[in-house]
Amino acid sequence: MGRKKIALIGGGQIGGILALLVAQKELGDAVMLDIPDKEGVAKGKTLDIMEAAPLMGVDSNLRGTSNYDDIAGADVVIITAGLPRKPGMSREDLLDTNLKIMSDVAKNVKKQCPKAFCIIVTNPLDAMVYAFKKVTGFPKQQVAGMAGVLDTGRFNAFVAMELGVSASDVAGTVLGGHGPTMVPLPRTCTVGGVPLTELLSQEQIDGIVKRTREAGTEIVKLLGNGSAFFSPAVSAIEMAEAYLKDKKRILPCAAMLEGEYGINGYYIGVPALIGAGGVEKVIEIALKDDESAALMASLEAVKKAVAETKL
Ligand code: A3D
């Protein structure tokens with residue numbers, strides 16, 4: 001049994017961190033693919049990491065390319081190809097440009113690695129993962145969007161900061177579309193087994209929910225150019241690792257729903273069981289009326305973006 005092969009489509013800010021994490025965690029060998037104009041960047045970043053491998057004590061071969069033949073037979077494909085936001089832009093402002101890119105990527109991935117577990121990161125997330133699934137025609141288990149892991153990570157980080165405890169002990173969940181309508185669920189969040197609602201006031205919780213919804217925008221404003229890249233890369237790697245190691249992790253991610261949560265035919269953020277079968281199962285949480293209403297409102301935002309793809 002050889003090493004696993006991980007294709008990284010897009011060698012920008014997130015792509016670079018993904019490559020470093022693949023090597024550091026020895027998940028397999030990585031091929032970073034970018035457009036011909038950026039082939040040098042893909043080759044440069046991967047060579048740079050190869051040269052760090054002996055220092056990190058890890059064995060992973062990485063290379064850069066602009067030729068899709070080089071990703072043939074990949075076990076996992078992580079797609080970050082596309083434009084990121086600039087200050088003042090919504091994720092939906094990226095739709096037209098990124099849809100063209102996503103359609104092209106999807107056709108090539110279908111041809112080169114029809115069995116790969118595919119993780120979409122490109123924004124607007126819920127519409128891009130929908131488009132990728134439509135264009136490839138891959139089974140729903142094989143295609144997931146990365147957003148919930150990150151949105152939940154952000155929520156958990158803010159809770160940990162507020163309480164002064166380890167973020168590892170915070171277990172929150174965020175549902176819904178990846179945007180300002182997302183639905184953090186403080187009611188189900190626990191900290192070391194204690195319900196969050198017993199540890200923080202409603203006002204503090206409301207503040208954390210609001211900050212979580214706007215967390216991506218907060219980073220876009222601070223950076224001034226481009227969007228978050230460390231945490232999105234870590235989040236996508238969690239999903240890839242759950243698949244490659246058959247970990248059966250329950251990770252919030254954009255999954256294709258067929259009746260779960262009363263939603264049919266859309267990708268939206270829900271807790272999903274990820275193992276060797278890809279998205280093996282969607283976990284349903286019994287929602288309170290207000291939570292359910294918030295999820296439906298988020299679905300409307302997702303539907304609007306999906307309608308714009310005309311797929
Ligand atoms: P960036 O650093 O610009 O990298 C994108 C890369 O994609 C560039 O190197 C481009 O050259 C490359 N690219 C463009 N077209 C193609 C193509 N046809 N084939 C292959 N590569 C191509 O952006 P980034 O890495 O910061 O962000 C990538 C995407 O992730 C953006 O759409 C962001 O909005 C999105 N993003 C999503 C989240 C989520 O939580 C869902 C978080 C942060 C960023």
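Counting starts at 1 for both ligands and their atoms, following the listed order.
- Ring geometry for F138 versus F132: interplanar angle over 60°, hence perpendicular rather than tilted (30 to 60°).
- Nearest protein neighbour of atom 8 (C) of ligand 1, counting heavy atoms only, is D34 OD2, 3.6 Å.
- Summary of contacts: the protein heavy atom closest to atom 4 (O) of ligand 1 is G12 CA, 3.2 Å.
- Nearest protein heavy-atom neighbour of atom 5 (C) of ligand 1: G82 O, 3.2 Å.
- Residue pairs satisfying the side-chain hydrogen bond (donor to acceptor under 3.5 Å, both in side chains) criterion with at least one member in residues 251-264, sequence neighbours excluded, are listed as follows: K140-E258.
- E218 pairs with exactly one of R211, R213, K210 by the salt bridge (Lys or Arg N to Asp or Glu O under 4.0 Å) rule, that one being R211.
- Using a 4.0 Å cut-off between heavy atoms, L83 contacts ligand 1 through its backbone alone, with no side-chain atom that close.
- Looking from atom 34 (O) of ligand 1 to the surrounding protein, the closest heavy atom is N123 ND2, 3.1 Å.
- The ring pair (Phe, Tyr, Trp, His ring centres under 6.0 Å) analysis of residues 145-178, with sequence neighbours excluded, yields no pairs.
- Q142 contributes a side-chain N or O that, together with a main-chain N or O of P114, makes up a donor-acceptor pair within less than 3.5 Å.
- Residue contacts with ligand 1, taken as heavy atom pairs separated by less than 4.0 Å, involve M146 via backbone and side-chain atoms alike.
- Which parts of ligand 1 touch N98 is read off a 4.0 Å heavy-atom cut-off, strictly below it: atoms 32 (O).
- If you check which protein heavy atom lies closest to atom 18 (N) of ligand 1, you get I101 CG2, 3.5 Å.
- Considering backbone and side-chain N/O atoms, R85 never comes within less than 3.5 Å of an N/O atom of ligand 1.
- Short contacts between ligand 1 and K38, defined as distances under 4.0 Å to a heavy atom of the residue, involve ligand atoms 11 (O).
- Counting protein heavy atoms only, atom 26 (O) of ligand 1 is closest to Q13 CB, 3.5 Å.
- The closest approach between a heavy atom of S227 and any atom of ligand 1 is below 4.0 Å.
- With hydrogens left out, the protein atom closest to atom 42 (C) of ligand 1 is P232 CG, 3.6 Å, a heavy atom.
- For the pair Y68 and ligand 1, the shortest N or O to N or O distance does not fall below 3.5 Å.
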Under the side chain to side chain contact (heavy atoms under 4.5 Å, CB included) rule, what do L33 and N108 come out as? Steps first, then yes or no, please. CA-CA 11 Å; L33 183 143; N108 284 294; over 6 Å; no
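- Looking at atom 29 (C) of ligand 1, its nearest protein heavy atom turns out to be T80 O, 3.4 Å.
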